[in-house]
2 protein chains.
Amino acid sequence: MMTQKNIKPTDSEMEILQLLWQKGPSSVREIHDELSKTKDAGYTTTLKLMQIMHEKGLVSRDASSKVHIYTAALTQQQAQQQLVTKMIDHMFNGSAARLVMHTIGQKHTSKEEIALIKAYLEELEKDKK
Amino acid sequence: MMTQKNIKPTDSEMEILQLLWQKGPSSVREIHDELSKTKDAGYTTTLKLMQIMHEKGLVSRDASSKVHIYTAALTQQQAQQQLVTKMIDHMFNGSAARLVMHTIGQKHTSKEEIALIKAYLEELEKDKK
DNA sequence: ATTTATTTACGAAAGTCTTCGTACATTTGA
DNA sequence: TCAAATGTACGAAGACTTTCGTAAATAAAT
């Protein structure tokens, strides 16, 4: 059996996935209300997007009651994984280290954040020993 | 004066930008030959793409001779920056540390890569002291 | 000089994404 | 009960992307 086709969410679909991860299984209404805070689109637009996402297998839904409830079909982990991997391959020549160093090397990475990373690295080392 | 409109390259445009960064200023022919190694599209398709990229301001070109020479209008740095920033904002809740830890936490990040990152962090610390 | 090859310009088809209007079904509540 | 509100389904328009065929200009070759 082949692994689920690698469907790439569009930006709009991504916004909806974000909300589904954040709020858990939700109705179109709930997603739409949240979405309209930052975006200007009609209700049926959101509905249609979510229906298409369902066709694509990006979300599953429970249609047992009138108000259908949608659930993300990917974990946030999986989606992040795909994006990061693609980014490393295409933009950073396959080197995770380059991505990391590029990211850290930005001025808006705070001292606290760097400390976090360092702590994490040290944890890693401890485990390996 | 407002900063150059934030045009987002499509995936196809990104492929061409990659090649322009890699090979420097190039003709359509050069880009197309390289592109066809991994992709199957006609010459005029590549041409059209690059013309559109020119309209969008993603590339500049020298049309003084018959064979136009195209140059990326963004540095690779700038493009990486945009992508990484967007990713951090949208997928990692604004925390660069989370992106970094997620990236390192993948099994295909080798010991050598991790060592590189550690060395980099230590350099950073030295500079700050 | 004239044919051949290479290149740009242009337009249009096919595909995808986003948007919304309209129709129909179901629930709510007066 | 039956009108109003809310929800889903569907189709189609408009925008954008990708693709390529054809025509016209320029350069190269014989």
Side-chain angles (χ1 to χ4, degrees), chain A residues 5-20 23 25-71 73-74 79 83 86 90, chain B residues 5-20 23 25-71 73-74 79 83 86 90:
Chain A
K5 187 160 28 184
N6 202 5
I7 280 188
K8 188 198 164 200
T10 67
D11 284 354
S12 293
E13 289 168 346
M14 219 26 164
E15 286 177 330
I16 291 174
L17 283 177
Q18 301 288 351
L19 290 174
L20 286 175
K23 307 168 62 78
S26 308
S27 66
V28 174
R29 172 65 54 194
E30 287 165 333
I31 294 300
H32 176 68
D33 284 354
E34 197 62 31
L35 214 51
S36 6
K37 291 182 185 166
T38 57
K39 207 187 169 183
D40 184 14
Y43 175 81
T44 52
T45 299
T46 305
L47 170 66
K48 182 72 165 189
L49 277 176
M50 293 178 76
Q51 287 172 337
I52 290 175
M53 289 171 77
H54 180 238
E55 281 171 22
K56 290 185 183 175
L58 286 173
V59 298
S60 59
R61 74 175 171 190
D62 174 354
S64 58
S65 81
K66 180 191 171 185
V67 179
H68 299 182
I69 299 299
Y70 289 77
T71 308
L74 286 170
L83 277 188
K86 183 182 163 191
H90 289 163
Chain B
K5 185 157 30 180
N6 202 5
I7 281 188
K8 187 200 163 198
T10 67
D11 283 354
S12 293
E13 289 168 347
M14 219 26 160
E15 286 177 330
I16 291 175
L17 283 177
Q18 302 286 352
L19 290 175
L20 286 174
K23 306 167 63 77
S26 308
S27 65
V28 174
R29 172 65 54 194
E30 288 165 333
I31 295 298
H32 175 69
D33 284 356
E34 198 60 31
L35 214 50
S36 5
K37 291 181 185 168
T38 59
K39 207 187 169 185
D40 184 14
Y43 175 82
T44 51
T45 300
T46 305
L47 170 66
K48 182 73 165 190
L49 277 176
M50 292 178 77
Q51 286 172 338
I52 290 175
M53 289 170 78
H54 180 238
E55 281 171 22
K56 290 185 183 175
L58 286 172
V59 298
S60 60
R61 74 176 171 189
D62 174 355
S64 59
S65 80
K66 180 192 172 186
V67 178
H68 299 182
I69 299 299
Y70 290 77
T71 308
L74 287 168
L83 276 189
K86 183 182 162 191
H90 289 161

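Within every chain, numbering begins at 1; the chains are lettered A, B, ... in the order of the sequence lines, protein sequences first and strands thereafter. Remember, it's a predicted structure, so these values are computed and weren't measured experimentally.
Checking the phosphate oxygens (OP1, OP2) of D/dT6, no side-chain nitrogen or oxygen of A/Arg29 falls inside 4.0 Å. For B/Arg61 and C/dA9, the shortest distance from a side-chain N or O to OP1 or OP2 is below 4.0 Å. Between A/Lys56 and C/dT16, a side-chain N or O to OP1/OP2 separation shorter than 4.0 Å is absent. Listed pair B/Tyr43 / D/dT19 fails the phosphate criterion, with no side-chain N or O lying under 4.0 Å from OP1 or OP2. Under 4.0 angstrom from either OP1 or OP2 of C/dT19 there lies no side-chain N or O belonging to A/Thr44.
Between B/Lys23 and B/Glu30 there is no salt bridge, since no side-chain N of the basic residue sits under 4.0 Å from a carboxylate O of the acidic one.
B/Thr45 comes within 4.0 angstrom of a base, heavy atoms only.
Between A/Ile31 and A/Met50, the shortest heavy-atom contact is CG1-CE, 3.8 Å.
The nearest whole Å value for the distance from the CD atom in B/Gln51 to the C1' atom in D/dT17 is 15 Å. One interatomic measurement links the two molecules: NZ of A/Lys48 to C1' of C/dC17, which rounds to 11 Å at whole-angstrom precision. As rounded to whole Å, 14 Å separates atom C1' of D/dT17 from atom CG of A/Asp11. Straight-line distance from the NE2 atom of B/His32 to the C1' atom of D/dC20: 12 Å, rounded to whole Å. Taking atom CD of residue A/Glu30 and atom C1' of nucleotide D/dT6, one finds them 14 Å apart after rounding to whole Å. Whole-Å rounding puts the A/Met53 CE to C/dT18 C1' distance at 14 Å. At whole-Å resolution of the value, CD1 in B/Ile69 and P in C/dT7 are 10 Å apart. The nearest whole Å value for the distance from the CD atom in A/Glu15 to the C1' atom in C/dC17 is 13 Å.
Each of B/Leu47 and A/Ile52 was assigned the nucleotide of DNA chain C with the nearest heavy atom; the assignment lying further toward the 5' end belongs to B/Leu47.
Side-chain atoms of B/Leu19 and B/Ser26, non-hydrogen and from C-beta on, never get closer than 4.5 Å to each other.
Comparing D/dA27, C/dT18, D/dT8 by their closest approach to the side chain of A/Ser12 singles out C/dT18. Relative to the side chain of B/His68, the nucleotides C/dA9, C/dC17, D/dC20 differ in distance, and C/dA9 lies closest. The nucleotide whose nearest atom lies closest to any side-chain atom of B/Lys66 is, among D/dT6, C/dT19, D/dT26, D/dT26.
Looking only at distances, no side-chain donor or acceptor of A/Glu15 sits under 3.5 Å from a matching main-chain atom of A/Leu35.
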